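First up is the structure itself, then whatever we jot down about it.
These figures come from a predicted structure and were not determined experimentally.
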Amino acid sequence: MLKIRDDIVNKIRAAVDVAVLREALQKAVELEHATIPAYLTALYSIKQGQNVEAAKILHSVAVQEMLHLTIAANVLNAIGGAPSIDHPGFIPVFPGPLPMGVHEGLAVGLEKLTRGLVYNTFMVIEEPDVQQHFPLKAPRLHAAAPTPKPKAPASGYASIGDFYTAIIEKITELGQHIFTGDPVRQVVDNTWFPADQLFPIRTVSDAARGLGVIIDQGEGTGKSPEDPDKGIAHYYRFAEIVYGRKLVADSSEPSGYSYSGAPVTLDPAGIWDLYPNARTVDYAPGSRARHLAEQFNYSYTSLLRALHTTFNGSPDKLRSSLGLMFELKLLAGNLVSTPIPGTTLFAAPTFEYTPISV
């Protein structure tokens, strides 16, 4: 499970006013965004029409991380805060730690998709507090890593689930009077997200239900890897890539599930060999790679700016803001198919903030 310092969670538990909650929810917005560039880079490394099931998994998880960011921003707005997204510090350094120094020693980078990346990084990010083990019953299509053993958090650490639970409990304790935000700022667009997952946050129960979506989609319920309405939790979706089979209900297993569904292939020939953890300055001035990387970063920064505007008084702009994700995909497709002269590698997105003239 992802570990977070006890003092961060204890500060929330000891809070006597809403200011600490606003600070924690801003950090939640940053944390939910922080994994998206890593997941998207792995997704963009898949060649067009190749490794289709793996691509679907990565896409679905990235979209749900955007949902989680939106939920956290809605709760922050509901209690009188203002999400801050349009600035360079909002973007983590890659490779580097997650916001709040979550899971000390874990460095998240921007790399091509491999089973090792999924197992050693993505599954660590999404590992639930209570991990469930399901057998692989179908023949392996490739060598699979062993299932990680559950690890208790080291002394002085709590889990991300504890972090969100502490926020829910403190909101419940402080009560309805902290909901001073303008309801007009609530962002809801069910074109992108189901109505039972993204809804206006106006009350204590709304906030608890919304933050519960983040916990359940990331970790599962603790009793089942999936929710009838929210699908399979991220950890087990990533495990499908590692094990090469979909996780499906299996009445012959005591756990009720096994990795015995349809194949999830990962053909290395269908993956662009990207330059890992690239920065724009790594590409020669005037080169095609440099030009495309700068274009990508301009579009990515435009997305952050649009989201900032959306969450700060223009909720009707969510659809057009997320539409920039399609532009990013197109730009990334051109970038990752661009060879880097003098190497066998291909250019990769760098996810750097680019100041935009107004």
Side-chain angles (χ1 to χ4, degrees), residues 25-26 28-44 48 55-56 58-78 81-92 110 181-202 206 210 213-214 217 230 291-336 349-358:
L25 284 162
Q26 171 62 35
V29 170
E30 294 172 13
L31 180 62
E32 296 302 335
H33 161 265
T35 59
I36 294 175
Y39 295 163
L40 287 182
T41 299
L43 174 61
Y44 295 154
Q48 184 71 28
K56 288 180 180 177
L58 286 163
H59 178 266
S60 69
V61 172
V63 168
Q64 286 190 336
E65 295 297 350
M66 187 63 74
L67 167 63
H68 299 171
L69 184 158
T70 303
I71 293 171
N74 273 349
V75 178
L76 178 54
N77 266 323
S84 178
I85 294 175
D86 182 23
H87 60 91
F90 184 75
I91 307 171
L110 304 177
D182 185 349
V184 172
R185 292 167 69 98
Q186 290 297 302
V187 176
V188 179
D189 188 331
N190 299 132
T191 301
W192 281 86
F193 306 114
D196 63 336
Q197 297 176 28
L198 182 62
F199 42 83
I201 306 296
R202 300 191 179 100
D206 290 339
V213 170
I214 298 177
Q217 287 186 342
K230 304 181 185 74
H291 173 69
L292 290 174
E294 289 173 344
Q295 273 192 319
F296 181 92
N297 287 333
Y298 183 91
S299 184
Y300 170 57
T301 304
S302 296
L303 170 62
L304 295 183
R305 174 163 290 186
L307 289 172
H308 182 90
T309 300
T310 298
F311 296 133
N312 284 276
S314 299
D316 57 313
K317 294 186 176 180
L318 179 64
R319 189 176 306 181
S320 60
S321 298
L322 294 183
L324 289 169
M325 296 284 285
F326 290 107
E327 181 178 313
L328 279 182
K329 181 180 178 181
L330 293 174
L331 290 170
N334 291 329
L335 181 60
V336 299
T350 64
F351 288 93
E352 295 170 273
Y353 187 89
T354 301
I356 299 174
S357 301
V358 180

Among residues at least two apart in sequence or on other chains, which ones pass side chain to side chain donor-acceptor pair (under 3.5 Å) with H308?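 For H308, no residue satisfies side chain to side chain donor-acceptor pair (under 3.5 Å) once neighbours in sequence are set aside.
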Evaluate the side-chain proximity of [Y] to [X]: yes if any heavy-atom separation is below 4.5 Å, no if none is.
| X | Y | answer |
| --- | --- | --- |
| S302 | T354 | no |
| T41 | F351 | yes |
| F199 | N190 | no |
| E65 | V61 | yes |
| L43 | Y39 | no |
| L110 | P37 | yes |
| E30 | Q26 | yes |
| N74 | P200 | no |

Spacing of [X] atom [atom1] and [Y] atom [atom2] [to the nearest 0.5 Å]:
| X | Y | atom1 | atom2 | result |
| --- | --- | --- | --- | --- |
| H59 | L40 | NE2 | CG | 8.5 Å |
| F296 | L335 | CZ | CG | 7.5 Å |
| T310 | D316 | OG1 | CG | 8.0 Å |
| Y300 | L331 | OH | CG | 14.5 Å |
| Q197 | I71 | CD | CD1 | 7.5 Å |
| I91 | H33 | CD1 | NE2 | 6.0 Å |

Partner set under side-chain contact (heavy atoms from CB on, under 4.5 Å) for H87, not counting sequence neighbours: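 With neighbours one apart ignored, the set is S84, F90.
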Main-chain N/O of L31 paired to T35 side chain as donor or acceptor, under 3.5 Å: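 Checked: no pair found.
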So does A306 get a backbone contact from the side chain of D86, meaning a donor-acceptor N/O pair under 3.5 Å?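 Side chain of D86 to backbone of A306: no pair is present.
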What are the two closest heavy atoms between [X] and [Y], and how far apart are they?
| X | Y | answer |
| --- | --- | --- |
| Q186 | N77 | NE2-CB, 3.9 Å |
| Y353 | L304 | CD1-CD1, 4.5 Å |
| M66 | I36 | N-CD1, 3.9 Å |
| A82 | N312 | CB-OD1, 3.5 Å |
| S321 | L303 | O-CD1, 3.1 Å |

